[in-house]
Amino acid sequence: MRKPLIAGNWKMNKTVSESIEFARDFVKAVSNVTDRDILICPPFTSLYPVSEIFNGTNVRLGAQNMYFEEKGAFTGEISPLMLKDAGCSFVILGHSERRHIFGESNELINKKVLSAVSHGLVPVLCVGELLEEREEGKTFDVVGSQLEEGLKGVSADSEFVIAYEPVWAIGTGKTATPELAEEVHRFLREKLSELFGSKKAESVRILYGGSVKPENVDGLMAMNNIDGALVGGASLKVESFVKIVNFGR
Ligand code: PEP
């Protein structure tokens, strides 16, 4: 059985003091949750102060991006060693905003994924199609190659998480129906099975992301191949994110 993972991606939101206030209230509100994993990915500036609050609790810390080198002349970048030092155990890689606003390629994302696993960080590899790609019937081609190229060279014994995030559903209020999301999740699991074997494919958590809210999370989480959620907007308020963490109750 795959343990559900509910992850919050704060994107470029919250100052250090806002992050600390959220973290203090949130850890109290979810302290009794044991049957699902919880992850929050604040902006870089809030990682260390938030890690001091999450330390020893059931809430894990992740970053939203990283560079693949350990150190050096890479102005503006953050390394896997720095993320580990700041208390992170996860890192989101290949988010559609990184791909489409900052031009990240599958090749670059693959280097980051390989670097994350080799440093003991669990990558959350995001894949997802644009609206026009869906309309042209290219969804499976796009997400299939993002998955295959993003995971090139990764060994089956490394831990990683996949997030399916249709770009047309991110921050737009348009959620994929549970059935439509499940169709892509099933395809991704089959693809994982081709790449890594069925045992590994059955153990990988595939999250859904794209306007997940307290009102729609139950329907999505009821699907066989949806193992959690990557939540943007609705992870910014303690009340709504706690409701999402407690889906199905
Ligand atoms: C995201 O940031 O990955 C995301 C899915 O955002 P939202 O929930 O706001 O659509």
Side-chain angles (χ1 to χ4, degrees), residues 4-14 18-19 22 26 36-47 50 59-66 88 90-102 104 109 112-113 116 121-131 133-134 139 142-143 146-147 150 160-178 180-182 184-185 188 205-221 223 225-247:
L5 170 63
I6 302 296
N9 170 17
W10 287 355
K11 311 194 188 195
M12 199 173 70
N13 292 293
K14 293 195 190 292
E18 288 165 349
S19 303
F22 180 110
F26 185 71
R36 45 205 76 184
D37 289 333
I38 307 168
L39 168 67
I40 292 195
C41 303
F44 291 132
T45 45
S46 294
L47 289 174
V50 165
V59 185
R60 303 276 72 79
L61 185 69
Q64 301 170 19
N65 183 31
M66 62 166 227
C88 292
F90 288 76
V91 58
I92 297 172
L93 294 173
H95 190 280
S96 66
E97 287 149 18
R98 301 297 321 169
R99 291 177 189 270
H100 299 295
I101 302 175
F102 299 101
E104 291 196 9
I109 294 161
K112 295 182 178 194
V113 169
L121 288 162
V122 178
V124 178
L125 172 65
C126 301
V127 301
E129 81 286 3
L130 298 165
L131 183 59
E133 291 168 335
R134 172 159 284 271
T139 298
V142 171
V143 299
Q146 288 173 339
L147 187 82
F160 55 84
V161 173
I162 305 300
Y164 169 55
E165 301 206 307
V167 181
W168 47 270
I170 299 180
T172 58
K174 285 186 203 156
T175 328
T177 61
L180 185 150
E182 171 66 10
V184 181
H185 281 234
L188 291 169
R205 292 183 286 194
I206 307 179
L207 316 184
Y208 170 78
S211 300
V212 175
K213 305 182 215 52
E215 300 77 47
N216 58 27
V217 67
D218 286 357
L220 290 158
M221 290 305 299
M223 296 288 124
N225 288 290
I226 300 185
D227 309 312
L230 180 53
V231 186
S235 73
L236 292 171
K237 292 238 157 59
V238 173
E239 197 193 347
S240 60
F241 198 46
V242 168
K243 282 189 187 153
I244 293 173
V245 165
N246 284 299
F247 71 86

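Start at 1 and go down the list; that is how both ligands and their atoms are numbered. Here the structure is a predicted model, which means the values were calculated and not measured.
Under 4.0 angstrom from ligand 1, there are no non-hydrogen atoms of Glu97. Under 4.0 angstrom from ligand 1, the non-hydrogen atoms of Ala169 all belong to its backbone.
Within the structure, ligand 1 has His95 among the residues with a heavy atom less than 4.0 angstrom away.
By the 4.5 Å heavy-atom criterion applied to side chains, Ile40 and Ser235 are not counted as neighbours. Using a 4.5 Å heavy-atom cutoff, the side chains of Val217 and Val231 are not in contact. Side chains of Pro214 and Ile244 form a contact here, defined as non-hydrogen atoms less than 4.5 Å apart. Side-chain contact check for Glu133 versus Thr139: every heavy-atom pair is 4.5 Å or farther apart. Leu121 is listed as a side-chain neighbour of Cys88, based on a closest heavy-atom distance under 4.5 Å. Under the 4.5 Å side-chain criterion, counting only non-hydrogen atoms from C-beta, Ile109 is not in contact with Arg98. Considering only heavy atoms from C-beta on, Gln64 comes within 4.5 Å of Cys41 through its side chain. The closest side-chain heavy-atom distance from Val143 to Val184 is below 4.5 Å.
Considering backbone and side-chain N/O of Gly171, one or more are found under 3.5 Å from N/O of ligand 1. Remark: ligand 1 and Val231 share no N or O pair separated by less than 3.5 Å (distance only, no angle test). Polar contact check, Thr172 against ligand 1: no nitrogen or oxygen pair lies under 3.5 Å apart.
The protein atom (non-hydrogen) at minimum distance from atom 2 (O) of ligand 1 is Lys11 CE, 2.5 Å. Counting only heavy atoms of the protein, atom 3 (O) of ligand 1 lies nearest to Glu165 OE2, 2.7 Å. Looking only at heavy atoms of the protein, atom 8 (O) of ligand 1 is closest to Gly232 N, 2.8 Å.
Of all the heavy atoms in Gly171 and Ser211, the pair that sits closest is N-OG, 3.8 Å.
Every atom of ligand 1 with a heavy atom of Ser211 under 4.0 Å away is listed here by number and element: 7 (P), 8 (O), 10 (O). Near Asn9, with a cut-off below 4.0 Å to any heavy atom, the atoms of ligand 1 are 1 (C), 2 (O), 3 (O). In summary, the atoms of ligand 1 found under 4.0 Å from a heavy atom of Ile170, numbered by their order in the structure, are 4 (C), 6 (O), 10 (O). Residue contact check: Gly209 has heavy atoms under 4.0 Å from atoms 5 (C) of ligand 1.
Evaluated by nearest non-hydrogen atom to atom 9 (O) of ligand 1, the leading choice among Pro166, Gly233, Gly128, Gly210 is Gly233.
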